[in-house]
Amino acid sequence: MVVLKTDREIAKMKDAGRIASMALKLAGDAVEPGISTLEIDGIVRKYIESEGALPSFLNYGGFPASACISVNNVVIHGIPSETCIIKNGDIVSVDVGAFFEGFHGDNAATFACGDISQEARALIDATRESLYEGINAALAGGRIGDIASAVQRYVEARSYSVVRDFVGHGVGAKLHEDPSVPNYGMAGRGVRLLPGMTIAIEPMVNMGTHEVKVLDDEWTTVTADGKLSAHFEHTIAITSDGPIILTQCDGAID
Ligand code: MG
């Protein structure tokens, strides 16, 4: 069931989104050679709690940390670890949510550590841009498939692939609400987009095959071919005046 939000609720979601966005920015600022993903997770958690909010992911379905931190060929759900040390040339995807006054904000971005390859840079840029293609297609009166096909078209035109096993989602009082928001599909199909819908659009884009596998820890999701993957996400509200990005803060990269 899709839960529509009032203008007042959307304003509250903006507060949660601002905290999630600043947490993501701080994580990105911390990416440098020699830092562990557990240290980045600590920065994220400390900031979120300092705002009087809760990290949405901590203990969600048993996830043991505040942020998912996924390096290079890890697509999503990387578990922060003191033994995962970031090196020059790595790409680091951070996904973080904040729960504040009854609502969640959820966002993600992929950051470069030092000097990354041109190929890695191009993948990051295309993934970020595909998110905005999806957001721009999130128009009241349209369909979920409009978002899905906008992302897929942009990504596949650049010979990358979109992950299919994991998708975006509605977000609000619960971290994951209806509807599912896939990054592939046909325009004009699927759930009708209505003013008051709040959704997380989150393309996961692979350099090679779209296929992924989940490791034995039951979280860490890697590309099946070991090639790089990038991930960007915003929480947005659909309104009669167009989409509004809720996960924004001063000084954010996007
Ligand atoms: Mg999400």
Side-chain angles (χ1 to χ4, degrees), residues 2-3 5 10 13-14 16-25 27-28 41 44-45 48 53-70 74-80 92-100 103-111 127-128 130-135 138 144 147-148 151 155 162-185 191 193 197-206 212 214 219-221 229-238 243-249 252-254:
V2 174
V3 183
K5 280 77 176 180
I10 288 172
M13 286 189 65
K14 236 181 200 170
R18 176 182 49 75
I19 296 166
S21 174
M22 182 55 82
L24 182 62
K25 176 181 162 24
D41 185 70
V44 163
R45 180 172 182 170
I48 291 173
L54 294 171
S56 301
F57 299 175
L58 187 60
N59 301 319
Y60 185 86
F63 190 76
S66 299
C68 299
I69 307 183
S70 307
V74 182
V75 179
I76 50 167
H77 299 166
I79 300 173
V92 182
S93 299
V94 179
D95 190 349
V96 57
F99 182 71
F100 183 68
F103 291 96
H104 293 275
D106 188 6
N107 62 178
T110 300
F111 302 99
T127 308
R128 183 194 302 106
S130 76
L131 168 60
Y132 287 99
E133 292 284 317
I135 292 170
I144 281 288
I147 300 169
V151 171
V155 167
V162 288
V163 170
R164 293 158 186 246
D165 289 0
F166 295 90
V167 297
H169 50 92
V171 54
K174 292 187 184 154
L175 181 60
H176 291 113
E177 298 184 348
D178 287 337
S180 288
V181 185
N183 298 301
Y184 62 95
V191 172
L193 302 176
M197 281 176 71
T198 48
I199 57 174
I201 304 176
E202 50 176 321
M204 292 146 264
V205 176
N206 293 353
V212 300
V214 179
W219 285 107
T220 311
T221 301
S229 186
H231 181 205
F232 280 81
E233 174 181 31
H234 270 308
T235 297
I236 70 160
I238 293 168
I244 299 172
I245 296 174
L246 302 177
T247 36
Q248 280 186 315
C249 65
I253 43 160
D254 294 305

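Counting starts at 1 for both ligands and their atoms, following the listed order.
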Over 60° means perpendicular and under 30° means parallel, so classify the ring planes of H104 and F99, tilted if in between. tilted
Let me check your reading of the structure: within less than 2.8 Å of the Mg ion (ligand 1), is there an N/O/S atom from E233? yes
Return yes when at least one N/O/S atom of H176 is nearer than 2.8 Å to the Mg ion (ligand 1), and no when none is. no
Quick check: does any side chain N or O of T198 sit under 3.5 Å from a backbone N or O of A237, one acting as donor and the other as acceptor? no
Is there a donor-acceptor pair under 3.5 Å between the side chain of D41 and the backbone N or O of A67? yes
Is the shortest heavy-atom distance from the side chain of V171 to the side chain of H176 under 4.5 Å? no
The Mg ion (ligand 1) - name of the N/O/S atom of D106 that sits closest to it: OD2
With the Mg ion (ligand 1) at the center, what angle do NE2 from H169 and OE2 from E202 span, rounded to 10 degrees? 80°
